[in-house]
2 protein chains.
Amino acid sequence: MAARPTISDVAEASHVSISTVSLVMNGKGPVAEATRQRVQAAADRLGYAPSRSARGLAARRTGNVGFVLREDHFRQSEPFYTRVFLGAEFEARRRGLYVLLSTVPDPYVPGEHAPRFLTEHSVDGVVVAGGVDGALIEQLRDRAIPHVLADFAWDDAPQVSIDNRGGAFAVAAHVVERGHQRVAFLGADPTHPSPNARRDAFAEAMRDAGRPIPDGLLVTDDGPSDRATGARAGSALLDRDPADRPTAVFCANDALALGLLDAARDRGLRVPEDLAVVGFDDVEGAALAFPPLTTVHVHKERLGEAALGVLAEGVETADASIPDATLIPTQLVVRESS
Amino acid sequence: MAARPTISDVAEASHVSISTVSLVMNGKGPVAEATRQRVQAAADRLGYAPSRSARGLAARRTGNVGFVLREDHFRQSEPFYTRVFLGAEFEARRRGLYVLLSTVPDPYVPGEHAPRFLTEHSVDGVVVAGGVDGALIEQLRDRAIPHVLADFAWDDAPQVSIDNRGGAFAVAAHVVERGHQRVAFLGADPTHPSPNARRDAFAEAMRDAGRPIPDGLLVTDDGPSDRATGARAGSALLDRDPADRPTAVFCANDALALGLLDAARDRGLRVPEDLAVVGFDDVEGAALAFPPLTTVHVHKERLGEAALGVLAEGVETADASIPDATLIPTQLVVRESS
DNA sequence: TTGAAAGCGCTACCAT
DNA sequence: ATGGTAGCGCTTTCAA
């Protein structure tokens with residue numbers, strides 16, 4: 001196998017200097033159209049691709065971005081953040097960047113758990129997906145590593161978020177239209193802003209609709225937002241006196257909703273006749289649930305794309321122009337559980 | 001913020017040449033213990049971390065490995081390959097490598113879908129997880145990029161696989177012990193070696209046990225190994241004449257088994273009384289299924305670790321010494337569906 | 001519009 | 001056991 005072609009090979013083949021080849025490859029500077037084409041042709045013919053290492057060394061930019069998320073989020077049954085990652089990777093590819101994925105434990109000890117690429121400065125910026133220990137974000141800030149949070153918030157760090165408010169309002173309109181009088185909200189993981197935002201917006205919308213949610217039916221569990229929590233906290237809701245048991249429950253995410261469905265089934269309750277259930281996120285399992293779950297669709301890939309885009313713009317323009325917040329729209333998907 | 005320290009800073013601070021610092025940082029060559037410690041101390045004090053780019057450029061190794069899997073495998077509801085990736089990432093971290101994750105579509109067109117890091121030569125080797133288009137593997141071979149397949153096989157490419165045979169034998173022993181006389185096997189995705197290996201081993205074991213599986217009960221669907229296929233192909237199995245409807249079904253993976261549970265529920269069959277169901281993989285959802293699924297546990301992280309380990313060894317020793325095959329053990333987990 | 005040349009920070013070879 | 005030094009392949013002034 002011939003050795004990998006270098007910029008000099010291309011320069012030689014197209015009878016120009018390596019400087020010119022560099023300009024062409026980066027689409028910079030003023031280059032005569034004829035020259036550009038000749039160089040490009042030679043590069044294509046030789047199968048030339050610039051060396052990342054050399055480029056990184058000379059330009060002081062690595063061309064890598066980090067993507068960090070909490071380990072338990074990555075392992076969780078429904079691939080929410082996996083899809084956020086896919087979106088980020090897609091956008092990175094478009095921009096010629098590589099994504100280094102790393103998970104961090106919770107709690108996070110900066111000195112011990114820091115992703116290698118942080119300590120080694122081998123990324124130009126970092127996307128943080130979902131809730132993580134604030135220590136990580138502060139470490140990023142202290143080291144002056146550009147970062148964007150996707151579906152999370154911390155101090156005034158730049159973020160890209162889901163339109164939780166819009167989704168919650170749509171759900172409220174839906175349950176009101178269905179005529180439900182006793183409606184509950186079930187949330188969890190109070191350290192994450194999304195469940196709380198959904199709760200507050202939902203409570204507000206129901207109040208606006210003249211059906212304020214009584215205190216006892218507005219529950220936020222301390223556990224993680226997973227199916228087990230949904231089953232447990234949901235059970236408490238369903239075991240209330242039948243007279244004030246809710247006829248509809250809006251869960252802060254699909255995992256909780258699936259757990260609630262488990263609890264309903266255990267009690268022989270029919271869904272949606274005896275109990276309407278609505279989730280949030282629209283994960284894969286929502287449509288496969290029994291019955292298929294009414295939920296708020298979140299475009300996860302787009303969230304990742306947006307986060308990476310915002311980060312990349314900030315890194316390229318090298319100023320502090322990372323916008324404070326970007327909102328990814330949501331959409332109610334009515335299936336059979338409500 | 002002070003500029004990032006370089007090797008020269010460390011050399012200066014510890015009164016040695018940069019060559020010596022390099023040796024120390026790489027744990028190579030003969031260096032006096034006193035010198036080593038002095039250098040190390042200076043490096044720590046300055047917060048020095050070698051530049052990846054410079055190192056890669058000089059050493060002609062990038063320190064990156066690629067991790068490729070099919071896009072639909074990555075998005076799928078149960079995070080099987082996600083966990084394989086976690087294992088690989090863990091092992092990579094131990095070895096000071098970065099992992100670049102990329103998905104490829106299926107079918108795969110080499111010229112069009114090749115992960116960037118392949119064409120840009122920015123990885124030292126690649127782990128391929130799960131079934132992918134053979135064209136990808138041939139491209140790897142043609143470009144002489146070291147690679148290891150995890151849970152897949154193609155020609156004589158080095159691979160790390162699951163002990164499908166051992167798992168299938170354990171399942172056979174289990175259903176025989178439970179006294180089942182009419183047992184079926186349900187597989188899918190015939191292009192992947194694992195379902196087929198599970199089928200063949202299971203058939204062999206049942207034959208050995210004097211309960212050969214009749215042809216009609218040994219089904220391999222052409223569809224993907226997912227829940228929808230399980231429901232569809234499972235329905236066909238359950239709609240057979242009651243006289244020869246199976247009393248137990250071993251599914252090639254958990255997704256199929258969950259689909260079969262859906263089909264059984266639709267028909268009002270009780271599990272395990274009317275129908276015993278056994279899966280394979282032990283994904284998150286298996287324990288949460290209704291009823292909890294008996295299945296064969298696969299240590300997914302270990303699969304990833306092993307694949308990365310094998311790859312790294314091969315890359316480091318730079319010879320063709322990548323072993324042909326490594327086997328990751330499995331274990332039967334009996335829950336309530338059988 | 002193009003070219004020459006000076007690094008970027010490191011590894012590895014050859015001296016000493 | 002340690003140091004000097006020549007690149008690795010590229011970007012980026014600065015000149016022409």
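Proteins get letters first, then strands, A, B, ... in listed order; numbering begins at 1 in each. Quantities reported herein were computed from a predicted structural model and do not represent experimental measurements.
Rounded to an integer number of Å, the gap from CZ of B/Arg60 to P of C/dC10 is 17 Å. One atom, CE of A/Met25, and another, P of D/dT11, lie 9 Å apart when rounded to the nearest Å. Taking atom CD1 on A/Ile18 and atom P on C/dA5, their separation rounds to 11 Å, with Å as the unit. Put simply, CG on B/Leu57 is 9 Å from C1' on D/dG7, counting in whole angstrom units. One interatomic measurement links the two molecules: CG of A/Leu23 to P of D/dT11, which rounds to 9 Å at whole-angstrom precision. If you measure from atom CG of A/Asn26 to atom P of D/dC10, you get 10 Å, rounded to the nearest angstrom. The nearest whole Å value for the distance from the CD atom in B/Glu12 to the C1' atom in D/dG3 is 15 Å. Separating the CD atom of B/Glu120 from the P atom of D/dC10 is a distance of 11 Å, rounded to the nearest angstrom.
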task = Test side-chain contact (heavy atoms from CB on, under 4.5 Å) on A/Ile137 and A/His147 and set out the steps.
result = CA-CA 8 Å; A/Ile137 298 165; A/His147 54 282; 4.1 Å; yes
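Here the CZ atom belonging to B/Arg52 is positioned 4.5 Å from the CD atom belonging to A/Glu120, to the nearest 0.5 angstrom. The CG atom of A/Leu57 sits 13.0 Å away from atom CZ of B/Arg55, with the distance rounded to the nearest 0.5 Å.
Contact annotation for B/Thr6: backbone-only contact, meaning every heavy-atom pair under 4.0 Å involves sugar-phosphate atoms and none involves a base.
Salt-bridge annotation for B/Glu313 and B/Arg95: present, with a side-chain N of the basic residue lying under 4.0 Å from a carboxylate O of the acidic one. With respect to the salt-bridge test (charged N to carboxylate O, under 4.0 angstrom), the residues B/Glu91 and B/Arg94 qualify.
At its two ends the helix from C/dT1-D/dA16 to C/dT16-D/dA1 runs along axes set 30° apart, each axis drawn from five pairs and the angle rounded to 10°.
Note: A/Phe74 and B/Phe85 have perpendicular aromatic rings, judged against thresholds of 30 and 60 degrees for the angle between ring planes.
Distances shorter than 4.0 Å separate some side-chain N or O of B/Thr20 from OP1 or OP2 on D/dG3. One finds no side-chain N or O of B/Ser19 lying less than 4.0 angstrom from the OP1 or OP2 phosphate oxygen of D/dG4. For D/dT11, the OP1/OP2 oxygens have no side-chain nitrogen or oxygen of A/Lys28 closer than 4.0 Å.
Residue-to-nucleotide proximity on DNA chain D shows that, of B/Ala54 and B/Ser17, the 5′-proximal contact is made by B/Ser17. Between B/Ala59 and A/Ala58, the residue anchored nearer the 5' end of DNA chain C, judged by the nucleotide with its closest heavy atom, is A/Ala58.
Around CD of B/Glu71, the count of heavy atoms belonging to other residues, nucleotides or ligands within 6.0 Å exceeds 12.
The stretch residues 31-52 of chain B touches DNA chain C through B/Tyr48, B/Pro50, B/Ser51, each having a heavy atom under 4.0 angstrom from the strand.
A side-chain N or O of B/Asp44 and one of B/Gln40 form a donor-acceptor pair less than 3.5 Å apart.
Counting heavy atoms from C-beta outward, B/Ile328 and B/Thr330 have side chains that stay 4.5 Å or more apart.
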